[in-house]
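Taking it in order: structure first as structure tokens, then the write-up.
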Amino acid sequence: METVGRFAPSPSGRIHLGNILCALLVWLSARQKGGKVVLRIEDLDTARCPRRYAEQMEDDLRWLGLDWDEGPGVGGPDGPYYQSERTALYQAALKKLEQKGLVYPCFCTRAELHAASAPHREDGQVVYAGTCRNLTAEEAAEKAKKRPPALRLRVPEEVWGFTDGHLGPYEENLARDCGDFLLRRSDGMFAYQLAVVVDDAAMGVTEVVRGADLLDSTPRQLYLYDLLGLTPPKFYHFPLLLTADGRRLSKRNADAGLDALRDRSTAAEILGKLAYLAGFNPSAVPKTAEALLADFDWDKVPTEDICIPEGLF
Ligand code: GLU
């Protein structure tokens, strides 16, 4: 079976070194197996992800030499490649889940969610306390007069696990560690978890390569694959890049954004340094993505978060 990898950025700002490392690993992991790469723009949150950011990202990726076989500007059989244009597919998947009786309306406000004494996940998200889980149809109809509901998926008290291609075995008890999760927000925006599963399956993706911050989304996604009767891809999660003082990179601050970097570096300089940090370039010498293919090996990539030394870029 042909390998199909995908890069699925959310264009809420200029891409940073962490996103570039992700794009590089997606590209190398797929290309090394003779596979292809899909670019999908995860712009569900259209207010935060204007089209010009996506276009800038596409331009940055081309400049870096990380090309794609299907996606914006290239086309392909499984488009459109902007999630904001794919809502009919998410709606259809939601309907399937509703027909199984697994979806319920949730009227909790953000403040109520956070005030609940439910445990917090490591990522700061609250495990949903189940407040709206057992509302009667009458109670729900009454509440809906005041406020449009979000939609949640009812999850079972079950352990869902998998073996990550890079980080090894990982599992969660869906009810305890994750809770009933959002499928659609109260403003009608579909949730990442649903959209990503629908799209990866529809686009024939066979391997998902992404940052370890999404490792704990995977059991939820595997559960959705199962409910929707879809075949899950193989997953590879890689460690996060941190600033020299140990902070997460973010699109909102200037941390290692590509704007300044692109003026003072070549693409090969940036990729060579990233590959060095990620263990598959013996030194920080400049290398194109093509040149890195020979040395890339998941076994060389660290499993712990990586700090970017001061002054490297
Ligand atoms: N759009 C997500 C992000 O930029 C990535 C989703 C994924 O790779 O599954 O963080």
Side-chain angles (χ1 to χ4, degrees), residues 3-30 37-51 53-54 56-58 60-61 66 68 70-72 80-87 89-90 93 123-125 162 164-167 170 178 181-183 185 189-225 230 232-242 248-253 255-258 305:
T3 296
V4 181
R6 57 52 159 191
F7 181 47
S10 302
S12 57
R14 194 78 183 257
I15 50 174
H16 59 58
L17 289 171
N19 308 128
I20 300 172
L21 177 60
C22 183
L24 177 63
L25 290 171
V26 165
W27 193 93
L28 290 170
S29 188
V37 175
V38 176
L39 176 64
R40 179 176 69 242
I41 303 294
E42 302 214 323
D43 61 346
L44 283 172
D45 193 342
T46 45
R48 286 185 55 219
C49 302
R51 192 52 68 93
Y53 284 1
Q56 176 69 62
M57 204 166 257
E58 289 154 36
D60 285 337
L61 289 170
L66 300 170
W68 55 97
E70 285 179 29
Y81 293 93
Y82 291 88
Q83 285 193 324
S84 57
E85 297 172 5
R86 298 176 63 81
T87 44
L89 289 156
Y90 313 141
D123 58 9
Q125 302 270 351
F162 71 109
D164 189 79
H166 186 51
L167 297 179
Y170 180 79
C178 162
F181 59 89
L182 284 180
L183 298 173
R185 294 194 333 194
M189 189 179 114
F190 282 97
Y192 157 71
Q193 307 291 355
L194 180 67
V196 77
V197 166
V198 168
D199 286 348
D200 281 336
M203 294 176 180
V205 169
T206 65
E207 61 172 49
V208 163
V209 172
R210 61 188 179 196
D213 52 336
L214 289 168
L215 181 68
D216 68 3
S217 281
T218 312
R220 271 172 279 179
Q221 293 172 13
L222 289 170
Y223 184 54
L224 283 173
Y225 275 100
L230 302 168
K234 189 164 171 57
F235 292 91
Y236 296 81
H237 290 85
F238 63 85
L240 300 184
L241 284 184
L242 305 177
R248 280 238 195 137
L249 303 184
S250 132
K251 293 199 193 80
R252 278 175 292 282
N253 52 38
D255 281 328
L258 194 57
D305 289 349

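Predicted model only: the values in this text are computed from it and were never measured. As the structure lists them, so they are numbered: ligands from 1, and atoms in each ligand from 1. Along the sequence shown, residues carry numbers from 1.
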Nearest heavy-atom contact between Asp213 and Leu240 is OD1-CD2, 3.7 Å
Closest non-hydrogen atom pair, Phe190 against Leu44: O-CD1, 3.4 Å
Report yes if some N/O of Val196 lies less than 3.5 Å from some N/O of ligand 1; otherwise report no. no
Nearest-option assignment for atom 6 (C) of ligand 1, heavy atoms, candidates Arg210, Arg40, Glu42: Glu42
4.0 Å heavy-atom contact, Tyr192 with ligand 1: yes
Record the part of Leu214 in heavy-atom contact with ligand 1 below 4.0 Å; permitted values are side chain, backbone, both and neither. side chain
Under 4.0 Å from any heavy atom of Ser10, which atoms of ligand 1 are there? 1 (N), 2 (C), 3 (C), 4 (O)
Could Asp305 and Arg248 be called an ion pair, given the rule that one side-chain N must be under 4.0 Å from one carboxylate O? no
Separation of Leu183 CG from Arg220 CZ (nearest 0.5 Å): 11.0 Å
Under 4.0 Å, heavy-atom basis, I'd like to know which part of Arg6 is in contact with ligand 1: side chain, backbone, both or neither. side chain
Mind listing the closest non-hydrogen atom pair of Val37 and Trp27 along with its distance? CG2-CA, 4.1 Å
